[in-house]
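First the structure, in the form of structure tokens, and then the observations on it.
Computed over heavy atoms, backbone and side chain alike; hydrogens, waters and symmetry mates excluded. Numbering of ligands and ligand atoms starts at 1, following listing order. These numbers come from a predicted model, not from an experiment.
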Amino acid sequence: MSLASSLIQSEIWKTLQIHHEQIGNDHMLDWFKQDPNRFENFHLDAAGLSLDYSKNRVTKETIGYLLQLAEQRELPAQIEAMFNGESINRSENRPALHTALRNFSDRQIMVDGTDIMPEIRETVQRMEEFCWKIRRNQWRGYSNAPFTDVVSIGIGGSFLGPKLGSSALKPYWDSGLNIHYLANIDGTHITEILKRLNPATTLFIIQSKSFGTQETLKNAMACRSWFLNNGGSEEYLAKHFTAVSSNVEKAVEFGIAEENIFPMWDWVGGRYSMWSAIGLPLALAIGIDNFRDLLRGAHAMDEHFRTAPLAQNMPVIMALLGIWYVNFFGVNSHAILPYDHYLRSLPAHLQQLDMESNGKSITLDGQPVQYNTGPVIWGGVGTNGQHAFHQLLHQGTHFSPCDFIMPMCSHNPIDNFHAMLVSNCLSQSQALLQGKSEEDAMEELVAGGMSQAQAMVLARQKMIPGNRPSNTLYFPKSTPQIVGALIALYEHKVAAQGMIWGVNSFDQWGVELGKQLGGKVLSALESDQIPSHFDGSTNGLVRAFHKMQSQL
Ligand code: F6P
């Protein structure tokens with residue numbers, strides 16, 4: 001039987017469907033009344049993080065069934081296979097071993113008969129030396145002035161992870177270096193970054209696992225030209241350009257000195273690569289000790305995911321809750337709501353992590369899935385979102401489960417700002433839970449002096465259904481260890497969901513298509529010929545480009 005059929009034809013899947021019919025409309029508030037310990041009973045701690053999942057549309061029975069589902073899909077064995085380096089990325093015939101990059105245990109990790117740990121440790125050692133030289137002004141620019149700016153050139157996973165780390169750990173920036181992230185193929189982005197910089201004091205890191213990504217190579221070439229045309233020269237390129245890539249040949253061809261190339265490996269996916277030398281710009285900003293702490297935090301979450309029983313396993317529980325909503329409530333989105341300015345880049349990173357991993361509709365055995373898989377991940381920082389998109393969360397026609405993410409202590413404890421921030425976070429999840437009845441709205445309006453007739457009309461608009469689910473993830477402070485654990489938590493949540501759905505969470509053939517087609521459209525834009533070989537819309541848009549460009 002195919003992976004998809006064995007899922008939806010299983011007894012436990014059918015049990016969950018029946019269970020959903022039975023309790024799907026029950027109100028969580030009733031469960032809170034029935035169980036005064038619901039907070040404690042639906043609560044987990046792991047690697048410095050705490051998860052309150054009591055505000056979910058689940059009972060103990062629901063969790064029991066979901067755990068049975070995980071067991072039936074042999075989740076523990078699949079987790080073990082991932083950590084052991086089996087080729088779980090079947091379409092590319094590779095392991096997914098980002099966990100090896102933060103393996104502080106003495107376990108060997110074998111790939112093709114070789115232990116990869118010595119090479120990983122050696123790379124961290126090289127990163128340490130590099131950071132030391134740059135941060136201590138031992139390695140300087142061509143005019144002998146110390147570096148002031150680092151431009152990290154990369155896109156997708158070679159951008160979002162280090163960028164998240166850099167903004168999340170801003171309080172730990174202690175080198176005085178400014179770090180800039182150049183990702184998009186947009187003349188505006190590169191212009192805005194370079195116009196403020198001095199080539200003599202700027203270091204470039206080209207970040208590309210493949211060294212074949214159009215945007216990254218174009219930006220890298222443009223930075224190289226800018227450097228050469230503004231005081232730099234060929235002989236100084238090696239001082240100012242470094243790279244992180246698994247394609248050493250192409251990096252050397254580009255002009256990077258081989259000793260300035262940090263390795264990447266096939267067994268690390270782009271969206272899981274911030275733990276490798278792709279994290280170099282971050283390590284330059286916060287120092288290698290803090291970078292190691294970030295890895296330690298992720299490792300603590302890895303150990304939890306690998307060893308905790310499923311019922312106490314935070315990534316597994318979050319994965320199962322997601323499956324419950326996607327497959328039984330028909331929900332297709334999930335909001336990430338950090339209440340921490342430093343974590344404002346988290347939704348964008350998790351969007352790539354989750355949607356590139358589980359945005360799949362074919363199972364590992366090549367059959368169409370017969371159920372929904374990864375939801376749309378979106379979100380933004382609180383409280384800003386409360387004055388914008390939270391309206392839909394409260395009163396929209398569809399519900400989107402939310403993850404509220406909140407440090408209990410601020411790096412900047414001024415006045416009572418943090419208590420106000422936390423109070424907003426708590427009251428949003430409270431409002432989603434309890435809503436507001438029409439009667440209460442009516443009462444408020446009449447008490448405010450409105451006539452019964454007017455109040456009846458308005459009360460309906462003000463009614464908020466409530467019973468909308470959320471998780472609250474909380475921790476003492478956004479430290480390197482906590483941030484590492486938090487990102488690893490989501491990596492494992494996504495992996496566990498992929499394992500249960502039977503999809504490959506580690507390839508991304510959909511985005512590869514865009515790369516192929518992009519080249520053909522570029523040729524048409526740059527040609528004098530009127531195109532007729534694309535679809536009608538693309539032909540028309542290419543013609544519009546020609547016309548508008550010629551009118552400038
Ligand atoms: O756009 C898809 C993608 O392959 C991502 O998965 C990856 O993170 C990104 O491109 C960058 O790839 P590379 O590091 O090879 O330049």
note = Contacts for ligand 1, heavy atom under 4.0 Å, by chain and number, are Ile155, Gly156, Gly157, Ser158, Ser208, Lys209, Ser210, Thr213, Gly270, Gln352, Glu356, Gln508, Val511, Glu512, Lys515
inquiry  = Under the side chain to side chain donor-acceptor pair (under 3.5 Å) definition, can you give me all pairs with a residue in residues 239-259, not counting sequence neighbours?
reply    = none
message = Just checking Tyr342 against Tyr172, ring centres under 6.0 Å apart?
response = no
request  = List in chain and number order the residues that pass side chain to side chain donor-acceptor pair (under 3.5 Å) with Asp535, two or more places apart in sequence or in another chain; answer none if no residue qualifies.
outcome  =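 Listed in chain order: Thr538.
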key: Ring-face cation contact, Phe291 with Arg296, 6.0 Å cut, 45° max   = no
task = Can you see which heavy atom on Ala277 is nearest to which on Pro263, and at what distance?
result =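 Smallest heavy-atom distance, with atoms named: CB-O, 4.1 Å.
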Just list the side-chain donor-acceptor pairs under 3.5 Å for residues 78-87, sequence neighbours left out, or say none.
from  : atom 1 : to     : atom 2 : distance (Å)
Gln78 : NE2    : Arg73  : O      : 2.9
Gln78 : NE2    : Met499 : O      : 3.1
Asn84 : ND2    : Glu80  : O      : 3.4

